[in-house]
Amino acid sequence: GEIVYSVTYGVLPSGWRVTPQHPEASTAVVVFGCSFAFGEGLEDEQSFPWQLAERLGPGYQVFNFGFPGYGAHHMLSWIESGILDDIAARYSKVHVFYSTIRGHELRGLGYSQWDPYGPWYGFDKGRIVRKGVFADDISPLRPATDALFGKSLLYRKFLKTKLIPHFLRFKHHAAIIKEADRQSRRIAGAPLTAVLWPRVLFAEAIREEGVDILDLSPLFPDWENGPDKYRLHPSDGHPNALAASIVAKALADYVRSNP
């Protein structure tokens with residue numbers, strides 16, 4: 001009975017969400033992620049990549065490669081498609097961030113209703129490799145059960161995922177991030193930094209892979225007890241402009257302290 005949000009999303013000719021354009025910039029800052037990075041429910045200038053660009057100034061060009069529903073597997077697929085090659089060729093320095101939230105580990109395993117043709121990565125001799133799309137790896141019964149029970153929280157939370165232990169979910173997610181980090185270093189000479197929103201459970205798995213981490217939890221001490229302060233709406237858990245501003249400051253400080 002009430003409007004949760006009413007905003008306009010600006011989109012560049014490339015298809016990605018708009019950020020301030022700085023043609024004179026010599027340093028690129030690339031942000032991968034999901035709706036949290038995209039800025040779901042926020043005006044352009046409220047998204048954290050936009051606010052990050054304003055904090056860093058005209059010497060930096062920020063790219064917002066976040067998109068609702070995306071996960072680490074989409075990031076790796078885009079990197080393999082050459083998205084960083086073009087940036088590395090145009091800028092003398094590059095910073096790469098991946099904004100990740102709780103649940104991304106399941107997206108990377110194909111447990112998102114909206115992503116049947118998302119890029120599917122699996123282990124081959126201990127290394128993460130592209131195997132196809134998720135639809136190539138589902139049982140004949142999966143589409144039928146998804147159609148019947150897909151709107152059930154119990155089905156999504158337990159029945160679809162109970163056969164995959166948490167440590168394997170986290171290991172798979174961390175391995176995809178690590179491969180993106182390896183390719184980012186090779187292409188752009190830039191280590192990838194995983195930006196962890198509060199309540200993620202896979203931080204240790206990412207650390208074990210040797211990937212740099214920026215943990216946002218200390219910046220949101222009341223995330224658990226007073227989350228509405230940082231939400232778009234009590235019924236929508238996407239971060240609001242206040243939360244985005246906190247993240248933008250953290251990333252700006254990180255970029256300046258890690259040249």
Side-chain angles (χ1 to χ4, degrees), residues 5 7-70 72 74-75 78-79 81-101 177 180-181 184-185 187-198 212-216 219-220 230-232 238-259:
Y5 59 79
V7 297
T8 301
Y9 298 145
V11 181
L12 295 167
S14 60
W16 299 106
R17 183 127 198 220
V18 68
T19 53
Q21 300 301 292
H22 296 145
E24 69 277 28
S26 60
T27 300
V29 180
V30 177
V31 179
F32 291 100
C34 61
S35 53
F36 278 43
F38 176 84
E40 177 86 7
L42 299 176
E43 297 287 358
D44 294 336
E45 66 275 9
Q46 294 176 319
S47 69
F48 83 73
W50 182 292
Q51 294 192 58
L52 172 62
E54 289 193 326
R55 286 183 175 275
L56 290 174
Y60 297 81
Q61 179 59 56
V62 176
F63 294 87
N64 185 349
F65 293 150
F67 196 81
Y70 270 16
H74 293 98
M75 168 181 64
W78 278 109
I79 291 175
S81 297
I83 201 168
L84 284 184
D85 296 75
D86 178 57
I87 291 172
R90 288 189 287 148
Y91 297 90
S92 59
K93 295 180 182 179
V94 181
H95 294 264
V96 181
F97 293 100
Y98 167 53
S99 167
T100 183
I101 65 174
I177 296 172
D181 171 67
S184 177
R185 290 173 185 268
I187 296 167
L192 180 147
T193 300
V195 180
L196 276 55
W197 287 79
D212 293 336
I213 285 179
L214 176 57
D215 187 357
L216 300 177
L219 305 179
F220 297 96
Y230 305 113
R231 290 179 174 177
L232 286 174
H238 287 99
N240 59 19
L242 170 62
S245 69
I246 294 172
V247 176
K249 181 181 184 307
L251 265 64
D253 292 344
Y254 190 91
V255 167
R256 292 194 183 100
S257 61
N258 293 274

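In this structure, L192 and M75 have side chains that are in contact, with non-hydrogen atoms separated by less than 4.5 Å. Considering only heavy atoms from C-beta on, I83 comes within 4.5 Å of W16 through its side chain. Under the 4.5 Å side-chain criterion, counting only non-hydrogen atoms from C-beta, Q61 is in contact with Y91. In this structure, the side chains of Y5 and E40 come closer than 4.5 Å at one or more pairs of heavy atoms. In this structure the side chain of Y9 reaches within 4.5 angstrom of the side chain of R17, judged on heavy atoms. The side-chain heavy atoms of H22 and V62, taken from C-beta on, include no pair separated by under 4.5 Å. Proximity of S14 to L12: side-chain heavy atoms (C-beta onward) are separated by under 4.5 Å at one or more points. The side-chain heavy atoms of F36 and W197, taken from C-beta on, include a pair separated by under 4.5 Å.
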- [ ] Evaluate the criterion side chain to side chain contact (heavy atoms under 4.5 Å, CB included) for residue pair F48 and V195; output intermediate values, then yes/no.
- [x] CA-CA 12 Å; F48 83 73; V195 180; 5.9 Å; no
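The structure places OG1 of T193 at 13.5 Å from OH of Y98, a figure rounded to the nearest 0.5 Å. Taken to the nearest 0.5 Å, the CG atom of D215 stands 11.0 Å off from the CZ atom of F220. Expressed to the nearest 0.5 Å, how far OH of Y70 lies from OG of S99 amounts to 14.5 Å. Taking CG from L196 and CD1 from I101, the interatomic distance works out to 11.0 Å, rounded to the nearest 0.5 Å. Atom-to-atom distance recorded for D212:CG and D181:CG is 7.0 Å, nearest 0.5 angstrom. The structure places OG of S35 at 10.0 Å from CG of L42, a figure rounded to the nearest 0.5 Å.
In terms of heavy atoms, E24 sits closest to P58 at OE2-CB, 3.2 Å. Smallest separation of non-hydrogen atoms from P49 and V31: CG-CG1, 4.4 Å. Here the shortest heavy-atom pairing between A88 and V94 reads CA-CG2, 4.3 Å.
W50 and E54 share a side-chain donor-acceptor pair at under 3.5 Å.
In this structure, the side chain of S92 engages the main chain of S26 through a donor-acceptor pair within 3.5 Å. With hydrogens and angles disregarded, no donor-acceptor distance shorter than 3.5 Å links the side chain of D85 to the backbone of I187. In this structure, the side chain of D44 engages the main chain of G10 through a donor-acceptor pair within 3.5 Å.
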Only distances under 3.5 Å count here; give the side-chain donor-acceptor pairs of residues 240-252 to other protein atoms, sequence neighbours excluded, each with its distance to 0.1 Å.
from, atom 1, to, atom 2, distance (Å)
N240, OD1, L242, N, 3.1
N240, OD1, A243, N, 3.0
N240, ND2, K229, O, 2.9
N240, ND2, R231, O, 3.1
S245, OG, L242, O, 2.6
K249, NZ, D253, OD2, 2.8

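Taking a 6.0 Å sphere around CH2 of W78, one finds it holds 12 or fewer heavy atoms contributed by other residues, nucleotides or ligands.
For T100, the side-chain hydrogen bond (donor to acceptor under 3.5 Å, both in side chains) test picks out H104, H173, with sequence neighbours left out.
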